[in-house]
Amino acid sequence: MLDPISLGAIGAVLGAVGSGMANEAGRWAWESAGALVRRITGREVPAPTTAGQLDDVARLVHERVRDDPRLARAWTEFAQGARTCVPATGRDRPCLPAAPRFFTDRREALRLLDKEATRAHEGRPRLALLYGPEGIGTSTLAVHWGWRQTARFPDGQLYADLRTLAPEAAPGTLLRGLGVPDEEIPPAAGDRAGLLRRCLAGRRLLLVLDHARSAAQVRPLLTASPDVFTIVVARQPLTGLDAVRIPVGPLARRDAVRLLTDLAGKPALAAARAALPAVLDRCAGSPYALRAAAPRLLGNGPLPAHPEVTDVPDSDPVSAAADDAYRRLGPGAARLYRLAGVRDWPALDAAAAARAAGTGPAEAAGHLEELTEALLVERTDTGRHHYRPAVRAHAERTAAATDGIAACSAAVTRVVAYYRDLAVGAARAALPESWRVPRSPRR
């Protein structure tokens, strides 16, 4: 790690503070840093406005702190908080997940996002809430809009999937996205949220909070910084969140046809003309269901002969799409799909999925790829997999009916034992002499 009282480190910290000098947050930051610089140098030091002035101040500070341990400690404590907020540049800027190749409609929602992002700040944070039922494309809409607006947010675009994050972990995830090292992230949740707000101050940045469950989950991650635009994505309107509410509903039939045409091609749609009305009825304007139906239009499975759905609750299009995709799986992938979905695991790797299905990791990895291709599980940015809630609910129902309660219970027991052994092994490696950690997992 760079010595905090080296000339280079001092210059970097002063540069980070001075980077936002043109705005209120930057001026406030210099009030704090300037007071310490005056204490260290013993005289009034104007805020540096050029690279040369910055170098002169850094040299003054360096000359004093290297010879005075008390001043060195004071500067180190200040630097530990200030260094974490250095703006990212170039390839270090945070960015959104990849946007899908094909996108259609949503003109009104895009217009409302444009309006909220460009309105006068007037002391009110720029905040939009996209909400709609599962599989309707709210996350896709947020990511699509964000990638269209990269020039508006030169300091980057932060993204957090709140579906798999505990409330106390979310600020740390965003701080890491801003380039803050793990050792500089405070352990307390309140301190993390405070550091996040300080790091966002003065930045022109987009923040996307996906799969939010409540306003309480989101509130610690919000900032009043005038140049930060936050998009919250949820399934329901979140009570208590002072945001522009933008509902997202099913695609109109013509837009559904346009998306299917983009996904499958005009020849495939023409060949499936007779079955197309049933496909559209079954998908009910859900982009997820339409994407899942596209392989069948290309001849990779049977098309429904009628729109009625009798094997999924309330004819939900996501559950219907999951049921259609499940019926096209091979036996091994189908078994893994059912048994790995019995519980709502945060994420599954091949080893955990193998325990659920009672198979080997290599075989499980192949089955997970098959499930990913069928849109029955989604791959996370860490290489693991998770289910959509409605898809997992379908897997759980199917497992209960196909495998029985005893097999489902055994699958859960095997996965829990795997994670227990993993946790005990990690604890033993970290604290080999601790009496609190069992020598071997209990059987």
Side-chain angles (χ1 to χ4, degrees), residues 1-6 8-20 25-26 28-29 32-33 36 72-97 125 153 155-213 216-225 227-228 230 232 346-347 380-384 423 426-427 429-431:
M1 179 182 292
L2 188 64
D3 182 358
I5 63 171
S6 68
I10 293 170
V13 171
L14 292 174
V17 172
S19 64
W28 178 87
S32 175
L36 180 58
R73 283 195 297 272
W75 175 262
T76 299
E77 291 174 2
F78 172 79
Q80 286 174 342
R83 273 188 305 129
T84 59
C85 299
V86 178
T89 57
R91 287 178 294 181
D92 294 330
R93 291 190 184 103
C95 62
L96 299 172
F153 305 107
D155 292 321
Q157 299 160 305
L158 271 179
Y159 174 88
D161 186 350
L162 303 183
R163 172 175 46 191
T164 59
L165 290 174
E168 63 274 9
T173 297
L174 293 173
L175 287 168
R176 292 184 189 92
L178 290 169
V180 179
D182 284 345
E183 63 270 18
E184 296 180 8
I185 296 176
D191 292 340
R192 291 182 180 188
L195 178 58
L196 176 63
R197 286 191 291 272
R198 292 196 299 274
C199 287
L200 291 175
R203 299 199 189 203
R204 295 173 60 190
L205 184 139
L206 173 66
L207 174 59
V208 176
L209 303 175
D210 204 357
H211 301 112
R213 297 183 295 275
Q217 183 189 27
V218 169
R219 204 170 287 118
L221 308 176
L222 301 181
T223 175
S225 180
D227 294 317
V228 174
T230 303
V232 178
T380 69
D381 55 6
T382 62
R384 298 180 179 181
L431 301 168

Legend entry - Over all atoms of both residues, closest heavy-atom pair of Ile185 and Arg176: CD1-CG, 3.7 Å
Inset, instruction - Hey, could you give me the CG/CG distance between Leu221 and Leu162, rounded to the nearest 0.5 Å? - result: 6.5 Å
Inset, instruction - Working to the nearest 0.5 Å, report the span between CG of Leu205 and SG of Cys199. - result: 11.0 Å
Inset, instruction - Could you grab the distance from atom CG of Leu200 to atom CG of Leu174, nearest 0.5 Å is fine? - result: 7.5 Å
Inset, instruction - Take Asp161 and Leu209 through the test side-chain contact (heavy atoms from CB on, under 4.5 Å) and record every step on the way to the result. - result: CA-CA 6 Å; Asp161 186 350; Leu209 303 175; over 6 Å; no
Inset, instruction - Mark yes or no for whether Asp155, through its side chain, and Arg204, through its backbone, hold a donor-acceptor pair below 3.5 Å. - result: yes
Legend entry - Least distance between heavy atoms, Arg197 atom then Pro220 atom: NH1-O, 3.8 Å
Legend entry - Under 3.5 Å donor-acceptor, Arg163 side chain and Ala212 backbone: no
Inset, instruction - Any chance you could measure Leu175, atom CG, to Arg192, atom CZ, to the nearest 0.5 Å? - result: 8.0 Å
Legend entry - Heavy-atom check, side chain of Val228 versus side chain of Pro125, under 4.5 Å: no
Inset, instruction - Any chance you could measure Leu207, atom CG, to Phe153, atom CZ, to the nearest 0.5 Å? - result: 10.5 Å
Legend entry - Single hit among Val180, Asp191, Leu178 for side-chain contact (heavy atoms from CB on, under 4.5 Å) with Leu196: Leu178
Legend entry - Smallest separation among heavy atoms of Ala193 and Pro171, with atom names: N-CB, 4.1 Å
Inset, instruction - Indicate yes or no: does Arg203 engage Asp227 in a salt bridge with an N to O separation below 4.0 Å. - result: no
Inset, instruction - Go through the steps to decide whether Leu222 and Thr230 satisfy the test side-chain contact (heavy atoms from CB on, under 4.5 Å), and finish with yes or no. - result: CA-CA 8 Å; Leu222 301 181; Thr230 303; 3.8 Å; yes
